[in-house]
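Position 1 is the first residue of the sequence, and the numbers go up from there.
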Amino acid sequence: VNGIGKTLLKELINSKAKIGVFDIDKKGFDKLEIKNSKNVEFFDCDIKDYVQVEKNINEFYSIYNCIDILINNAGILYSAPLISVANGKLKKHDIDIWNKVLAVNLSSVFYMTVNVAEKMIIDRTKGLIINVSSVASSGNAGQTAYSASKAGVNALTKTWAKELGLWGIRVFGVAPGFCETKSTNDVMGDEALKKVKSQIPIRRLGRPEEITKGIFSAIDNDYFHGKILEIDGGLII
């Protein structure tokens, strides 16, 4: 319920869709001041936990009897190289952080999608699975775990497009570049962001609403399937 997810949620509410938010940040959700909206339901769900995901997907389905679209947007941005030097000593990448990043950014995408796709197939719903990836999926120095997780998301997107397309379910990904979000600022810092901006042809970070517009334009295009839409200001050309 932050950054791109926050912007996405507000746009979906305006579209009058019936929405389920699967997150552990209830306080963050309440701060959005949309909890009284009649078309959004919050599900307190740790998406790293398969049992919780299955339970909450079933609960959503029991309420609305249909799932048309799944947007896998949850993720954590973490920067650390495989090996770094601190105080003259070599430091290995933290294994617990590696496991956490892969759990949140990659395993959760599998957990959510396998349960939602099952409902779509049972109901013969020609639904839509959208995976939010990152331009870091091509490999970004200093982001071992994050890049690996997003590369995995891209691989799942292409695999599922081949499998689920047979059931009339569209699957695609969106890969944002560096965006003006709290997580980006917290992880990278001013100097790193200044350098990144200098490498982007249009010399600025993206805005969450620009990523959201890209997602909605792909939703509206019934022939967009199995591809990763890069929205990065020309960073990767």
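- Checked by atom type, the side-chain pair Q143/S79 shows a donor-acceptor distance below 3.5 Å.
- Between I83 and K91, the closest side-chain pair of non-hydrogen atoms is not below 4.5 Å.
- Remark: N39 CG to I19 CD1 distance equals 5.0 Å, nearest 0.5 Å.
- At least one side-chain heavy atom of H225 sits less than 4.5 Å from a side-chain heavy atom of R170.
- With values rounded to the nearest 0.5 angstrom, N99 atom CG is found 9.5 Å from S107 atom OG.
- N14 contributes a side-chain N or O that, together with a main-chain N or O of K10, makes up a donor-acceptor pair within less than 3.5 Å.
- Contact of the N154 side chain with the S137 side chain is registered, since non-hydrogen atoms from C-beta on lie closer than 4.5 Å.
- Connection of F224 to I211 is established within a shared hydrophobic cluster, with ILVMFWY side chains joined at heavy-atom distances below 4.5 Å, either directly or through further cluster members.
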Quiz item: Going through the distances and angles, do I57 and F22 end up as a side-chain contact (heavy atoms from CB on, under 4.5 Å)?
Solution: CA-CA 9 Å; I57 291 293; F22 298 79; 3.9 Å; yes

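- Not counting sequence neighbours, A155 has no partner by the side chain to side chain contact (heavy atoms under 4.5 Å, CB included) test.
- For R203, the CZ atom counts as densely surrounded, since its 6.0 Å shell holds more than 12 non-hydrogen atoms of other residues, nucleotides or ligands.
- Side-chain heavy atoms closer than 4.5 Å link hydrophobic residues (I, L, V, M, F, W, Y) into clusters, and following such links, even through other members, never connects L9 to I76.
- Scanning all heavy atoms of the two residues, the minimum distance from V153 to S133 falls at CG1-CB, 4.2 Å.
- Contact detail for G177 and D232: the closest heavy-atom pair is CA-CB, 3.7 Å.
- At a threshold of 4.5 Å between non-hydrogen side-chain atoms, the residues C45 and V53 count as touching.
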Self-check item: Test log, rule salt bridge (charged side-chain N to carboxylate O under 4.0 Å, His left out), inputs K100 and D96
Solution: CA-CA 6 Å; K100 181 177 180 180; D96 290 333; over 6 Å; no

Exercise. Start with the C-alpha gap between W160 and F172, add the side-chain angles, then the distance that decides, and say whether side-chain contact (heavy atoms from CB on, under 4.5 Å) holds.
Key: CA-CA 9 Å; W160 293 339; F172 70 83; over 6 Å; no

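- Residues L77 and V104 fall into different hydrophobic clusters, defined by Ile, Leu, Val, Met, Phe, Trp and Tyr side chains chained together at heavy-atom separations under 4.5 Å.
- A distance of 9.0 Å separates CD1 of I215 from CG of L12, quoted to the nearest 0.5 Å.
- Within the 4.5 Å cutoff, the side chain of V21 has heavy atoms near those of the V40 side chain.
- When all heavy atoms of E210 and R204 are compared, the pair lying nearest together is OE2-NH2, 2.7 Å.
- For the side chain to side chain contact (heavy atoms under 4.5 Å, CB included) criterion with I169, the lone passing option out of L164, T125, V116 is L164.
- Among all heavy-atom pairs drawn from F60 and C66, the shortest one is CE2-O, 3.7 Å.
- Between V132 and P176, the closest side-chain pair of non-hydrogen atoms falls below 4.5 Å.
- Inspection of the T113 and N72 side chains reveals an N or O donor paired with an N or O acceptor under 3.5 Å.
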Self-check item: Criterion side-chain contact (heavy atoms from CB on, under 4.5 Å) on W167 and M120, from CA distance to verdict
Solution: CA-CA 9 Å; W167 297 93; M120 290 179 174; over 6 Å; no

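- As a member of the Ile/Leu/Val/Met/Phe/Trp/Tyr network built from side-chain separations under 4.5 Å, Y223 groups with nothing else and remains a singleton.
- To the nearest 0.5 Å, atoms CZ (F42) and CD1 (I24) are separated by 8.5 Å.
- Y78 and H93 have perpendicular rings, their planes meeting at more than 60° on a 0 to 90° scale where under 30° would count as parallel.
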Exercise. Test side-chain contact (heavy atoms from CB on, under 4.5 Å) on L156 and L106 and set out the steps.
Key: CA-CA 9 Å; L156 291 179; L106 182 58; 3.7 Å; yes

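- Atom CG of L70 is separated from atom CG of N131 by 7.5 Å, given to the nearest 0.5 angstrom.
- Annotation for N115 and Y50: closest pair ND2-CE1, 3.5 Å, computed over non-hydrogen atoms.
- M112 is connected to F110 through a chain of hydrophobic side-chain contacts under 4.5 Å among Ile, Leu, Val, Met, Phe, Trp and Tyr, so both are in one cluster.
- With a 4.5 Å cut-off on side-chain heavy atoms, D68 and L128 do not count as touching.
- Within the 3.5 Å criterion, the main-chain N or O of P81 finds no donor-acceptor partner in the side chain of S84.
- Relative to the six-membered ring of Y61, K119 meets both conditions, a distance below 6.0 Å and an angle of at most 45° to the axis.
- With values rounded to the nearest 0.5 angstrom, E180 atom CD is found 8.0 Å from E209 atom CD.
- Each of I129 and I228 belongs to its own hydrophobic cluster when Ile, Leu, Val, Met, Phe, Trp and Tyr are linked at side-chain heavy-atom distances under 4.5 angstrom.
- F43 approaches G20 most closely through the heavy-atom pair CE1-CA, 4.0 Å.
- Judged purely by distance below 3.5 Å, without hydrogens or angles, the side chains of S147 and N140 never pair a donor atom with an acceptor atom.
- The side-chain heavy atoms of L8 and I4, taken from C-beta on, include a pair separated by under 4.5 Å.
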